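See below for the structure under consideration.
What you see is a predicted model; the values in this text were computed from it and never measured. Every chain is numbered from 1 and lettered A, B, ... according to where its sequence line falls, protein lines coming before strand lines.
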Amino acid sequence: MSTPPVPILVAVAWPYASGSRHLGHLAGAYLPADVFARFQRLAGNRVLMVSGSDVHGTPITVRADAEGVTPAEIADRYHAEFLDAWERLAITWDCYTSTGTENHGAVTHDMFLRLLEKGHIDRRTGEQFFDVEAGRFLPDRYIEGTCPHCGYAEARGDQCEDCGRTLDPEELLGPRSKITGAEPEVRSTDHFYLRLSDFEESLGAWLDGREGWRRHVLNFSKGWIEEGLQDRAITRDLDWGITVPVDGFGDDKRIYVWFEAVIGYLSAAKEWARRQGDPEAWRDWWEGDDARSVYFIGKDNIPFHTIIWPAMLTGYGDLNLPTDVPANQYLTFKGGKASASRGVGLTIGEGLRLFEPDALRYALAASFPEQSDTDISVEEIARRTNDELVATWGNLVNRVLSMVNAMCDGVVPEPGDRTDADLALLAGVDAALVTAADQIDRVELRAALRTAMEAAAEVNAYLNVTEPWKLARTDPDRARVVLGTALDAVNGVRVAFSPYLPFSSSVLEEVLGPVEGWHRPELSPGRPIDKPTPLFAKVDLEALESGEPG
RNA sequence: GGCGACGUAGCUCAGCUGGUGAGAGCGCCCGACUCAUAAUCGGGAGGUCGACAGUUCGAAUCUGUCCGUCGCUACCA
């Protein structure tokens, strides 16, 4: 566009490498980020899209113990799985790394030490349950026992799932380790705390000044502030994670993942800069006044991105706070929250086995849970694919290219004398691009996809009115003008779809030429148009249900 | 228990700071067309906007209560 390029950091939630991620994660964070990033690049902005695999934390060590392998093996397995998924979905990271890199450890240490030096981190002594058999301290939720309130025998140390009450693990009757079943003992242990209370006022004022944020994000965040920010322990008794850079603190403690993982946005930017051969390049996105940073996450991550991370950035100083955190709600599967571990919904891999990537991207984008939880199913994805993507857009491309091939000597025709109606169609397409740009920029991605679909429908309507297949017999010159107009229109509509449908967009680029900006490209008359093959295949739902399991 | 969100046509969802007779897509019915992946286009039917009470000249939109669903509750990330 005509405005100067803006550095835009597209920060995407870090998938936890403890197991497969599901379509809810994809629709909630990775895919919206990719659509947004692809658009911003086309609009001429300088996008830096970063994320990586979160490879530390207790759940990974527990899974590793259970399988008799090392935590690194678990992390490597799922990191590789994620990389494969990104490639198959064409997610366009500028840097997809992991929290296991040396760089990330160094950046984390730098953040930790600066906050420590400035007094925002302090050291405290507390007590915690210790599993003697496993030789490790236990997070609250890894302790089970009888609920003192309702007598439920398998209450967790943080909460009783039967009566819903919040618990302290000391309250449990007959506590036992969820890992070994042994009775845990209480031991005293030292930890560092992030003094969130230092930032209560400044964060409250900052949040009050946010404009354009989704209401649920703002409500939730302000609610946290109103309840009062409590200091949080940021180290754990664990041997898997980033070390604590304080002499004599002990080798059996690590920095806790929620403190460390969010730093990944910064360390990934630095890693990217170094790979570019310009180690200071990250500053444009983190220090520039004109820079924007947009964090794509699920709603369960809201407080980490609207409270804790901004607190850390504020404490560290001189780094930009999030411009927007357009957190998504949940994607549900037939009413239940997607959960790979509980077998609700499809994993990303299962989704890719059932559907071609553009179809999956389209169906999920049409159902991005931007305002409220959104329900989806295999049938719904198939429906979106067949009745919307194939019927309206795929078919439009196919019918126009077929007619141009058959009725215009197989080449792009000269524009000729276009009527007001012809010009109105093109003006409508161009206006749709402007509308969609505005919507995507505000992260209203469903609406922008709808805008693209409406534009496609207008081209279909235009063809039904002008009936070029009849004109071909009665007025071939006029037929060529109409088809040239329709082809130009399709050429513009494809731009609006391109952030959502990279695979079919590539196919169209071979036919119509590259898309080089957020505007309708020029089409050269005389360019050959071969007989087309369909952009997308219809989904055979019955075959899906009888054949391939997930 | 506390906090938050949601409950709008058969299905999935929009409806911002209250005000043209309540919207979209898909599905359904009728019609047109046949270039196109039985695709497309036009028209239509269909909702007491969860329930009740209140504020207001006027509420899907504000307040309260209730019913239902869900999420979070800060040592899972």
Go ahead and write out RNA chain B as dot-bracket, 5' to 3': ( ) for pairs within the strand, [ ] for ones crossing earlier pairs, | when the partner sits on another strand, dots for unpaired; Watson-Crick or G-U wobble, both distances under 3.5 Å.
-> (((((((..((((.....[...)))).(((((.......))))).....(((((..]....))))))))))))....

What's the [atom1]-[atom2] distance between [X] and [N], to the nearest Å?
X: A/Leu23; N: B/U12; atom1: CG; atom2: P; answer: 18 Å
X: A/Glu454; N: B/A24; atom1: CD; atom2: C1'; answer: 8 Å
X: A/Asp373; N: B/G68; atom1: CG; atom2: C1'; answer: 15 Å
X: A/Asn301; N: B/C76; atom1: CG; atom2: C1'; answer: 11 Å
X: A/Arg21; N: B/C76; atom1: CZ; atom2: P; answer: 15 Å
X: A/Phe333; N: B/C11; atom1: CZ; atom2: P; answer: 20 Å
X: A/Phe259; N: B/C76; atom1: CZ; atom2: P; answer: 18 Å
X: A/Leu331; N: B/G71; atom1: CG; atom2: C1'; answer: 14 Å

Between [X] and [Y], does any side-chain donor sit less than 3.5 Å from a side-chain acceptor?
X: A/His104; Y: A/Glu260; result: yes
X: A/Asp375; Y: A/Thr332; result: yes
X: A/Asn301; Y: A/Tyr295; result: no
X: A/His305; Y: A/Tyr265; result: yes
X: A/Ser197; Y: A/Gln230; result: no

Distance, [atom1] atom - from [M] to [N], rounded to whole angstrom:
N: B/C41; M: B/G58; atom1: C1'; value: 40 Å
N: B/A60; M: B/G7; atom1: P; value: 15 Å
N: B/A36; M: B/U48; atom1: P; value: 44 Å
N: B/C62; M: B/A14; atom1: P; value: 15 Å
N: B/G4; M: B/U40; atom1: C1'; value: 45 Å
N: B/C57; M: B/C11; atom1: C1'; value: 38 Å
N: B/G47; M: B/G10; atom1: P; value: 8 Å
N: B/G18; M: B/U61; atom1: C1'; value: 6 Å

Using atom types as modelled and distance alone, determine if a side-chain donor or acceptor of A/Thr99 lies under 3.5 Å from a backbone N or O of A/Ala261.
->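 Not confirmed, A/Thr99 side chain does not pair with A/Ala261 backbone.
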
Mark yes or no for whether A/Asn328, through its side chain, and A/Gly28, through its backbone, hold a donor-acceptor pair below 3.5 Å.
->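 Yes, A/Asn328 side chain to A/Gly28 backbone: donor-acceptor pair under 3.5 Å.
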
Under-4.0 Å side-chain N/O to phosphate OP1/OP2 contact, A/Arg383 with B/G27 |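 For B/G27, OP1/OP2 do not have a side-chain N/O of A/Arg383 under 4.0 Å.
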
Could you give all pairs that pass the side-chain hydrogen bond (donor to acceptor under 3.5 Å, both in side chains) test and reach residues 395-405 of chain A, with sequence neighbours left out?
->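 Every side-chain hydrogen bond (donor to acceptor under 3.5 Å, both in side chains) pair that includes a residue of residues 395-405 of chain A, provided the two are not neighbours, is A/Arg399-A/Asn460, A/Arg399-A/Asn464.
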
Could you encode protein contacts along nucleotides 35-46 of chain B as a string, one character per nucleotide from 5' to 3', using B for base contact, S for sugar-phosphate-only contact and - for no contact, with a heavy-atom cut-off of under 4.0 Å?
-> BBB-SBB-----

Choose from B/C70, B/C75, B/A24 the nucleotide whose nearest atom is closest to any side-chain atom of A/Gln128.
->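 Among the listed nucleotides, the one closest to the side chain of A/Gln128 is B/C75.
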
If you check the A/Tyr330 side chain, which of B/C75, B/G71, B/C13 turns out closest?
->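 Comparing B/C75, B/G71, B/C13 against the side chain of A/Tyr330, the answer is B/G71.
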
Per the side chain to side chain donor-acceptor pair (under 3.5 Å) rule, which among A/Thr189, A/Thr243, A/Asp239 passes with A/Lys253?
->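 It is A/Thr189, the one option of A/Thr189, A/Thr243, A/Asp239 that forms the side chain to side chain donor-acceptor pair (under 3.5 Å) with A/Lys253.
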
Quick one: list whatever passes salt bridge (Lys or Arg N to Asp or Glu O under 4.0 Å) with A/Glu388, sequence neighbours left out.
->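 A/Glu388 satisfies salt bridge (Lys or Arg N to Asp or Glu O under 4.0 Å) with A/Arg383, A/Arg384 only.
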
Excluding sequence neighbours, so at least two apart, what forms salt bridge (Lys or Arg N to Asp or Glu O under 4.0 Å) with A/Arg214?
->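 Not a single residue meets the salt bridge (Lys or Arg N to Asp or Glu O under 4.0 Å) criterion with A/Arg214.
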
Hey, does [X] reach any base, or is it just sugar-phosphate, or nothing, if we go heavy atoms under 4.0 Å?
X: A/Trp224; result: base
X: A/Gly228; result: base
X: A/Glu388; result: sugar-phosphate

Measure all distances between protein nitrogen or oxygen atoms and nitrogen or oxygen atoms of nucleotides 4-9 of chain B, and list the pairs falling under 3.5 Å.
from : atom 1 : to       : atom 2 : distance (Å)
B/A5 : OP1    : A/Asn219 : ND2    : 3.1

For A/Trp14 and for A/Gln230, find the nucleotide of RNA chain B with the closest heavy atom, then tell me which residue's nucleotide is more 5'.
->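 Residue closer to the 5' terminus by nearest nucleotide: A/Gln230.
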
Go through the steps to decide whether A/Ser98 and A/Ser53 satisfy the test side chain to side chain donor-acceptor pair (under 3.5 Å), and finish with yes or no.
-> CA-CA 4 Å; A/Ser98 98; A/Ser53 301; over 6 Å; no

Working to the nearest 0.5 Å, report the span between CD1 of A/Ile255 and NE2 of A/His191.
->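 Between A/Ile255 CD1 and A/His191 NE2, I get 12.5 Å after rounding to 0.5 Å.
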
